[in-house]
Amino acid sequence: MVSGALPGFRDFYPAELAERTHIFATWREVAHRFGFVEYDGPPLEPLELYTKKSGDEIVGQLYNFVDKGDRAIALRPEMTPTLARMVAARANALRKPVRWFSIPQLFRYERAQRGRLREHFQLNMDIVGESDVTADAELLAAAIEIMRLLGLGPDDVRARVSDRRILHGYLLAAGVPDAAFGGVLAVVDKIDRQPRDVSEEKLAALGLGASAVRAVMDVPEQTSLASIQALNVQGGEAAVAEFSRFAEYVEALGGGEYLQPDLSIVRGLAYYTGIVFELFDAKGELRAICGGGRYDNLLKQSGGPDLPALGFGMGDVVLGELLRARTLMPAPAAGLDVWVAFGESAGVSDAMRVSSRLRARGLSVEYALGGQQLSRQLKAAAAAGAREAVILGAPDVAPDEATVRRLDDGHERRVRLDEWIDEAGPAASARSPTHS
RNA sequence: GUGACCGUAGCUCAAUUGGUUAGAGCACCGGACUGUGGCUCCGGGGGUUGUGGGUUCAAUUCCCAUCGGUCACCCCA
């Protein structure tokens, strides 16, 4: 490994780029089906766009530098601030609710690990201007539909959903002081990943009594709609009713099989205000595929309009790992339509003329740039994945004729060259769809 | 940022207690094939064994550092 890409960055060879393209195409397809339109912003932003609300500690995880105009610049680590700015600038002019999506490349200066690089592409889908949980259901249904279209079923991927307000009400009712809420969330977030007594000690250190500690330790048990509805939630009754409605809507939108209520889903970002969700592989081997939720106060806090909003981010790295593990990546795209080969009595310029005419008709065409024997040319044609080869200048063939050879079964026919070219075209050569 | 493990052709792996010019398969290029692909046979290119030091008569092998990768923390996307 002499000089590869920077740590945490990827070279996309054709095979890898084909995988990325497959993911992107699916993202765009589903976004389109759900009525979302695509936008984009600059990959470089003022540093303060991220430091303002997120605090200075985020600077340590940013790619940042000072440009030649002495401006503090950052490579964007997330898309939401850009979205907030763009929506805010035209808030009054936009038809609400806004349904926008983007596929930005995002950057984080962190130590790279599996499923977590210093760069990734992330589908962002957001809805701005709708406060009802219909929007939450619509958004999650879109994320689920992406899984389905990629071939990932409910046995592969689960959608865990929770609601900040229900958890808050439950903790209040259990006697957890408001001031300890943030610390308790941090414990809940990793309650399954660390020993029970460690969690209990941390909770006690936050000033929780024995019954409150027990209540917090019960949070991961709340994994059904019924159990959540039965909870004592101080001031969270409306949220529970909304949550029930949300589940009903997701069901109606066809995502019910994936749905898994789980009150212990916290999500790291502090700005979430309501329903939060994450998609993860059912085996629990990988990092989260997707995370999102409602952030009703963010736009206003960012100096923008007071509009309710919600959204999710879905990265290409973990998703790609899961698709490869399940062998759901498509076979490499079909190669060439036609390979133009030339024998003894034809030259490369003849192949060029024929190629040019075929290309003008929309076909994918290649020929041997280095003069090769016919056997080499046909070998190269097969290696390039060509559907058929047209052989020019074969003996016993009239000057205006050529041999067309199907490369899958070797079937050959003689054609009048001009007629054959005139009939060739993308429509006449529709490729069979590729399968995984 | 902390800790642990791992680095040999593009890929997967070899190399007897440290012992000659570090090998193989696949892939790539070419020849047999001056008129028809996938097979076969033959040949070729490609490694300063991640890098830099150290120990030794001798280092792919042992030691240190560094870089990179993986994993767990941290944090999150």
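Atom set for the values below is all heavy atoms of this structure, side chains included, hydrogens, waters and symmetry mates excluded. Just so we're clear, the structure is a prediction, and the values are computed from it rather than from any experiment.
- For Lys379(A), taking side-chain heavy atoms from C-beta onward, the closest of the listed nucleotides G31(B), G38(B), G68(B) is G38(B).
- As the counterpart of G37(B), no nucleotide is assigned, since no Watson-Crick or G-U wobble pattern has both distances under 3.5 Å.
- Computed from coordinates, the Leu407(A) CG to U36(B) P distance equals 15 Å when rounded to whole Å.
- At whole-Å resolution of the value, NE2 in His120(A) and P in C75(B) are 19 Å apart.
- With P as the reference atom, U12(B) and A58(B) are 34 Å apart, rounded to whole Å.
- Across all strands shown, Gly393(A) has no heavy atoms under 4.0 Å from either base or sugar-phosphate atoms.
- One can place CG of Leu6(A) at 9 Å from P of G68(B), the figure rounded to the nearest angstrom.
- The partner of A24(B), taking Watson-Crick or G-U wobble pairs whose two distances both stay under 3.5 Å, is U12(B).
- Distance from the side chain of Arg376(A) is smallest for G31(B) among the nucleotides G37(B), G68(B), G31(B).
- At a threshold of 4.0 angstrom between heavy atoms, the contacts of Leu123(A) with the nucleic acid are absent.
- As the counterpart of U60(B), no nucleotide is assigned, since no Watson-Crick or G-U wobble pattern has both distances under 3.5 Å.
- Straight-line distance between the P atoms of G30(B) and G69(B): roughly 35 Å, to the nearest whole Å.
- Distances shorter than 4.0 Å separate some side-chain N or O of Gln113(A) from OP1 or OP2 on A72(B).
- When the P atom of G68(B) is taken as reference, atom CG of Leu117(A) falls 14 Å away, rounded to whole Å.
- No side-chain donor-acceptor contact under 3.5 Å links Arg33(A) to the backbone of Glu145(A).
- Taking atom C1' in both A15(B) and U60(B), one finds a spacing of 8 Å when rounded to whole Å.
- Spacing between G7(B) and C75(B) at atom C1', rounded to whole Å, works out to 27 Å.
- Residues His168(A) and Asp163(A) have side chains that never bring a donor and an acceptor to within less than 3.5 angstrom of each other.
- Nucleic acid contact for Arg406(A): base, since at least one base atom lies under 4.0 Å from a heavy atom of the residue.
- C74(B): no Watson-Crick or G-U partner with both key distances under 3.5 Å is found in any strand.
- Using the Watson-Crick or G-U wobble rule with both distances under 3.5 Å, U66(B) pairs with G50(B).
- Distance, Phe9(A) CZ to G69(B) C1': 16 Å, rounded to whole Å.
- For the C1' atoms, the distance from U36(B) to G23(B) is 37 Å, rounded to whole Å.
- At a threshold of 4.0 angstrom between heavy atoms, the contacts of Asp408(A) include nucleobase atoms, whether or not backbone atoms are also involved.
- Here the side chain of Thr26(A) pairs no donor or acceptor atom with the backbone of Ile146(A) at under 3.5 angstrom.
- For the pair Leu374(A) CG and U36(B) C1', the interatomic distance rounds to 5 Å; values are reported in whole Å.
- Whole-Å rounding puts the Arg287(A) CZ to A72(B) P distance at 7 Å.
- Comparing the same atom, P, in G50(B) and in U61(B) gives a spacing of 8 Å after rounding to whole Å.
- Among Glu278(A), Glu321(A), Gln113(A), the one residue that satisfies the side-chain hydrogen bond (donor to acceptor under 3.5 Å, both in side chains) test with Arg287(A) is Gln113(A).
- Both Arg111(A) and Glu412(A) lie near RNA chain B, and the one whose nearest nucleotide falls closer to the 5' end is Arg111(A).
- Rounded to whole Å, the P atom of G19(B) lies 30 Å from the corresponding atom of C67(B).
- Residue Gly8(A) is classed as a sugar-phosphate contact, given heavy-atom separations below 4.0 Å to backbone atoms only.
- G25(B) and G43(B) have their P atoms separated by 11 Å, with the value rounded to a whole Å.
- Summarising the geometry, the separation between CZ on Arg405(A) and C1' on U36(B) is reported as 5 Å, rounded to the nearest angstrom.
- Listed for the Glu119(A) side chain is no donor-acceptor partner under 3.5 Å among the backbone atoms of Leu106(A).
- Among the heavy atoms of the strands lying under 4.0 Å from Ala394(A) is at least one base atom, whether or not backbone atoms are also near.
- Of the candidates U36(B), C71(B), U70(B), the closest approach to any side-chain atom of Arg114(A) belongs to C71(B).
- Between Phe24(A) and Phe121(A), the ring planes are perpendicular. Angles over 60° get that label, and only those under 30° would be called parallel.
- A donor-acceptor pair is defined here as one N or O able to donate and one able to accept, closer than 3.5 Å; such a pair exists between the side chain of Glu16(A) and the backbone of Tyr13(A).
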